[in-house]
Amino acid sequence: AFHEYPVTQDYRISRKVRVTVAVGVVLGVGINGKVVECENRATQEKYALKVLRDTEKARREVELHVMASGHPHIVSIHDVYKNSYNGVDCLLVVMENMKGGELFARIQERGQKAFTEREAAGIVNEICSAVAHLHRMSIAHRDLKPENLLYCTPAASAALKLTDFGFAKKTDESEPQGLKTACFTPYYCAPEVLGTEKYDKSCDLWSVGVIMYILLCGYPPFYSQHGQPMSPGMKAKIKSGQYTFPSPEWDCVSEAAKDLIRKLLRTEPTERITIEQTMEHKWISHYRKVPDTPLFTSSNLCEQKEQWVDVQDEMEATLASMRVGPENI
Ligand SMILES: O=C(Nc1cc(-c2cc3c([nH]2)[C@]2(CCCNC2)CNC3=O)ccn1)c1cccc(C(F)(F)F)c1
């Protein structure tokens, strides 16, 4: 249930921090939505405010995020308002303010002290515990990418949390409900159409694999040479799952880490490791014992700074193609 009175009654909305989001919002400031900082009038506490146009998709995003909220590695929702601007209904989501910024920005700004394999394992463990929480609730996030992983505060000990449920979906709502009402009874349905559960969840494990790969070396497993736009050959390479562990960055990375990456980046979704199996993998379950080997990550992230936008675009495009799974055809 949302508050129906104006959000401005409880919060002062500043224009200071504008973290843009690709959400369709109509606040008279154009199609591009914004996540802005706001301040609780009673407590002076700062929060992040995400504004969504009140649509079916927005309702699902808010509903699933509220369900997941409360986990130590999911950005928590504080309040939700339904307000109307120039006759357009909007949902306003007040979230805890993640003042530590994005995951890779922090590693890039690392400076002298090298980023180590054990630190990477700790980060992947935090991401996996958030994914495990969602999958246990039959929620697939489906947009797990670096810019949706934020730190609470600038402190080195700050928790890393997952946000943006804009593509999340319940994996236990059987599709046939729609199909039954639409065109035919499900009895004659092929199994892969009925059980899309594993496909949606497997997107998240592929994302964990890509993020883990980048954490260990500073560049993505699949990328076009020298930042050229995605070539058809690249698509084939991604489909075929062709990636390597090039020297020198990967020479000092443990076999356990490479073993887990191979299991996460399987191109066949049904062969990909599940989140439960990932949490049991010794690189995660014993992350505190992972070798504290210094990595090339921070220096590579800095050197390839200008390519970072392309990396994000390629990951976004691949995620979008994975979301058009069998059930969406
Ligand atoms: O991002 C900040 N606070 C924040 C932000 C969000 C947030 C929600 C969403 C996003 N951010 C993004 C922005 C574009 C990239 N994807 C994620 C799109 N979708 C969302 O749902 C949630 C909570 N606190 C922040 C606040 C103060 C300072 C700083 C910084 F560290 F940058 F100075 C960041």
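Hydrogens, waters and symmetry mates play no part in the numbers below; they use all other heavy atoms, side chains included. One-based numbering, in listed order, for ligands and for the atoms of each.
- Between W308 and Y219, the gap from one ring centroid to the other reaches at least 6.0 Å.
- Heavy atoms of D164 found under 4.0 angstrom from ligand 1 belong to the backbone as well as the side chain.
- Looking at ligand 1, you won't find any N or O of K99 less than 3.5 Å from one of its N or O atoms.
- Among K50, K145, K161, the residue whose heavy atom sits closest to atom 21 (O) of ligand 1 is K50.
- By the 3.5 Å distance cut-off applied to N or O atoms, N148 is counted among the residues near ligand 1.
- Relative to the ring axis of Y287, R118 does not place its NZ or CZ within 45° and under 6.0 Å from the centre.
- For ligand 1, the polar-atom distance check against E102 finds no nitrogen or oxygen pair separated by under 3.5 Å.
- Ligand 1 lies within reach of E96, whose nearest heavy atom is under 4.0 Å from it.
- When the shell of 6.0 Å around CD of E271 is examined, it contains more than 12 heavy atoms from other residues, nucleotides or ligands.
- In summary, D204 and R142 do not engage in a salt bridge, as defined by a charged side-chain N under 4.0 Å from a carboxylate O.
- Here D143 pairs with R323 in a salt bridge; the nearest charged N to carboxylate O distance falls below 4.0 Å.
- Residue M98 places at least one N or O, backbone or side chain, under 3.5 Å from an N or O of ligand 1.
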